[in-house]
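Take a look at the structure below.
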Amino acid sequence: MLREGMVTYLDGQWVDDENAVVSVRSRALNYGMGCFGGVRGYLADDGNEVYVFRLEAHITRLAESAHILYLRMPGTVDETSSIVIDLLRRNEVHHDVYVRPLLIHNSNQLAPVLDETSTSCIMFCMPLKRYIDKDAIDVCVSSWRRVRDNAIPSRTKPTGAYLNSALARREAHDNGFDEAIFLTENGKVSEGSAEHIFLMRRGTLVSPPSTEDNLDGITRRSIITMATEDLGMKFEEREIGRSELYVADELFLCGTGAQITPVASVDRRSINGGKIGEATKALHKHFDDVVHGRVEHRKKWLTPVWG
């Protein structure tokens, strides 16, 4: 739950949450014109410090998205990262937290025109522990296809493109599943509605590349590094066909929100008998240790809020 008195960053000002508003005429509202990021902070074992995970990488990706979509950043990557830390300090955050930096085309004029001068930068935060409140989930392959990068650039995390995700997730829920898996228009596995996908197949960890109409995921890249460098796992980046999901030895989704979420079944075909696999368990534990500052050589990925 959000507590009273929280503040939001809006175009260089700090305002009460209820005053962080845009016009009903805004292009961002009418046409879905903008992009966003999702950043996690984790309460350290001392019960006070909060570590923000891969902050520079997240803000760098936001800057790249802004460049593609004709939006303006509020400053350099370092300056924008400092706004995130200031946001958490002003809100007295001493808990697991999610931060949403958002850039939008905020002109009230008619027509979907990409105009840098109308950029608004908004940042807010909220407490967040588990984004998906289940130990393992049941997923389906969606009848909706992931929108092509040549139609709406998926690497930009565009606001309007999440209608694509919402349709897939609604279809999944209506049919008794927890989440949906997108295929590309070419019939290859892309990602979940808001998560990347990994499978374990014959001793090798596999994930589709970020050219399969999916996001250039920071959590995904981090997991690849942890799996290969820290845990000594074999990894292969390649195309994945739909039916390969059904015969995976293990399967999990990952993302800033989802973290590492094991998959128990796909289209009602069980994965590993519905049990969480050993590789997934190992990665889940190691990821948890990394984000909480327990792995010394990965502390470079963490930005302390109060340190």
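Residues take their numbers from the sequence shown, with the count starting at 1. Here the structure is a predicted model, which is why all the values come from computation and not from measurement. Quick note: numbers below take in every heavy atom, side chains included, and nothing from hydrogens, waters or symmetry partners.
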Practice task
Look at atom NE2 of His173 and say whether more than 12 heavy atoms of other residues, nucleotides or ligands are closer to it than 6.0 Å.
Solution key: yes
Exercise for the section: Take atom CH2 of Trp301 as the centre, draw a 6.0 Å sphere, and report whether it contains more than 12 heavy atoms from other residues, nucleotides or ligands. Expected result: yes
Exercise for the section: State, yes or no, whether a side-chain contact exists between Thr76 and Glu79 at a heavy-atom distance under 4.5 Å. Expected result: yes
Handout entry: Sidechain-backbone polar pair: Asn175 side chain, Glu171 backbone, donor-acceptor under 3.5 Å
Key = yes
Handout entry: Spatial distance of atom CZ (Arg54) from atom NZ (Lys300) [nearest 0.5 Å]
Key = 8.5 Å
Problem - Val39-Phe287 co-clustered via ILVMFWY side chain contacts under 4.5 Å - result: no
Practice task
For the residue pair Thr184 and Arg145, confirm or rule out a side-chain donor-acceptor distance under 3.5 Å.
Solution key: no
Problem - More than 12 heavy atoms of other groups within 6.0 Å of His292 NE2 - result: yes
Problem - Residue pair Cys35 / Thr159: nearest heavy atoms and the distance that separates them - result: N-CG2, 3.9 Å
Exercise for the section: Say whether, by atom type as modelled, one donor and one acceptor occur between the side chain of Thr225 and the main chain of Arg221 under 3.5 angstrom. Expected result: yes
Problem - Cluster overlap Leu69 with Leu215, hydrophobic side-chain contacts below 4.5 Å - result: no
Exercise for the section: Verify the distance criterion only: is there a donor paired with an acceptor across the side chains of Thr117 and Asp115 at less than 3.5 Å? Expected result: yes
Exercise for the section: Look at the side-chain heavy atoms of Ile, Leu, Val, Met, Phe, Trp and Tyr, link any pair under 4.5 Å apart, and say whether Val15 and Leu102 land in one connected group. Expected result: yes
Exercise for the section: Check for a donor-acceptor pair, side chain of Glu179 on one end and backbone N or O of Ile137 on the other, with a separation under 3.5 Å. Expected result: no
Handout entry: Which atom of Pro208 lies closest to which atom of Ile240, heavy atoms considered
Key = CD-CD1, 3.6 Å
Problem - Pair Arg298 + Glu229: basic N to acidic O under 4.0 Å - result: yes
Exercise for the section: Would you please indicate yes or no on a ring centroid separation below 6.0 angstrom for Trp14 and Tyr9? Expected result: yes
Problem - Lys/Arg N to Asp/Glu carboxylate O, Glu64 vs Arg61, below 4.0 Å - result: no
Exercise for the section: Ignoring hydrogens and angles, tell me if any N or O in the side chain of Ser265 forms a donor-acceptor pair with the backbone of Ser270 under 3.5 Å. Expected result: no
Handout entry: Close side-chain approach of Leu283 and Phe198, heavy atoms under 4.5 Å
Key = no
Exercise for the section: Run the numbers on Val99 and Phe124 for side-chain contact (heavy atoms from CB on, under 4.5 Å), then give the verdict. Expected result: CA-CA 6 Å; Val99 179; Phe124 61 87; over 6 Å; no
Problem - Check: Asn214 main-chain N/O paired with His196 side-chain donor or acceptor under 3.5 Å - result: no
Exercise for the section: May I ask you to check if Arg40 and Phe53 form a cation-pi contact, with NZ or CZ under 6.0 angstrom from the six-membered ring centre and within 45° of the axis? Expected result: no
Handout entry: Heavy-atom closest contact (Val93 atom, Cys125 atom, distance)
Key = CG2-SG, 4.3 Å
Problem - Side chain to side chain, Ser207 and Phe235, heavy atoms closer than 4.5 Å - result: yes
Handout entry: Pair Asn106, Ser118: side-chain N/O donor-acceptor within cut-off below 3.5 Å
Key = no
Practice task
Verify the neighbour count for atom CG of Asn48: are there more than 12 heavy atoms of other residues, nucleotides or ligands below 6.0 Å?
Solution key: yes
Handout entry: Side chains of Leu302 and Val52 in contact at under 4.5 Å (non-hydrogen atoms)
Key = no
Practice task
Please check if the side chain of Glu185 supplies one atom and the backbone of Arg148 the other of a donor-acceptor pair under 3.5 Å.
Solution key: no
Practice task
Salt-bridge test for Glu191 and Arg146: reply yes if a basic N is under 4.0 Å from a carboxylate O, no otherwise.
Solution key: yes
Practice task
Decide yes or no for Ile218 and Thr256: does some side-chain heavy atom of the first lie under 4.5 Å from some side-chain heavy atom of the second?
Solution key: no
Practice task
Inspect the surroundings of CD in Gln109 and state if more than 12 heavy atoms from other residues, nucleotides or ligands are less than 6.0 Å away.
Solution key: no
Problem - Heavy-atom donor-acceptor pair, Asp216 side chain to Arg155 backbone, under 3.5 Å - result: no
Problem - Heavy-atom pair of closest approach, residues Ala248 and Ile271 - result: O-CG2, 3.7 Å
Practice task
May I ask you to decide if Arg202's main-chain N or O and Asp249's side chain share a donor-acceptor pair within less than 3.5 Å?
Solution key: yes
Handout entry: N/O donor-acceptor pair under 3.5 Å between His286 side chain and Ala282 backbone
Key = no
Practice task
Determine, using the 4.5 Å side-chain heavy-atom cutoff (strictly less than), whether Leu62 and Leu71 are members of one ILVMFWY cluster.
Solution key: yes
Handout entry: Shortest non-hydrogen contact between Thr60 and Val77, atoms and distance
Key = OG1-CG1, 3.8 Å
Practice task
Determine, for Lys134 against Asp178, whether the closest basic-nitrogen to carboxylate-oxygen distance falls under 4.0 angstrom.
Solution key: yes
Problem - Pair Arg238-Val206, side-chain contact (heavy atoms from CB on, under 4.5 Å): steps then yes or no - result: CA-CA 7 Å; Arg238 61 168 172 81; Val206 183; 3.8 Å; yes
Problem - Check: Thr156 side chain, Ser65 main-chain N or O, donor-acceptor pair, under 3.5 Å - result: no
Handout entry: Ile276 side chain near Glu250 side chain, heavy-atom distance below 4.5 Å
Key = no
Practice task
Answer yes or no: is there a side-chain heavy-atom contact under 4.5 Å between Arg269 and Leu245?
Solution key: no
Exercise for the section: Using the side chain to side chain donor-acceptor pair (under 3.5 Å) rule, take Ser154 and Asp149 through it: C-alpha gap first, then chi angles, then the decisive distance, then the call. Expected result: CA-CA 5 Å; Ser154 53; Asp149 186 64; 3.3 Å; yes
Handout entry: Student check: side-chain heavy atoms of Met123 and Ile83 closer than 4.5 Å
Key = yes
Handout entry: CA sep, side-chain torsions, deciding dist, call: Leu88, Val97, side-chain contact (heavy atoms from CB on, under 4.5 Å)
Key = CA-CA 9 Å; Leu88 298 178; Val97 66; 3.9 Å; yes
Handout entry: Polar contact flag, side-chain donor to acceptor under 3.5 angstrom, Lys299-Tyr51
Key = no
Handout entry: Presence of salt bridge, Asp267 and Arg242, under 4.0 angstrom
Key = yes
Exercise for the section: Would you kindly say whether Tyr42 and Glu49 are connected by a side-chain donor-acceptor distance under 3.5 Å? Expected result: no
Problem - Cluster overlap Leu87 with Trp306, hydrophobic side-chain contacts below 4.5 Å - result: yes
Exercise for the section: Check the pair Met73, Cys121 against side-chain contact (heavy atoms from CB on, under 4.5 Å), reporting the backbone distance first and the verdict last. Expected result: CA-CA 7 Å; Met73 292 284 284; Cys121 178; over 6 Å; no
Fill in the blank from the handout: Nearest heavy-atom approach of Ser190 to Ile197 is O-CG2, 4.2 Å
Practice task
Taking only Lys NZ, Arg NE, NH1 and NH2, and the carboxylate oxygens of Asp or Glu, determine whether Asp45 and Arg294 approach each other closer than 4.0 Å.
Solution key: yes
Practice task
Return yes if a side-chain donor-acceptor contact under 3.5 Å exists between Ser193 and Arg169, otherwise no.
Solution key: yes
Problem - Salt-bridge present (Lys188, Glu244; N to O < 4.0 Å) - result: no
Handout entry: Euclidean distance, Arg268 CZ relative to Cys140 SG, rounded to 0.5 Å
Key = 8.5 Å
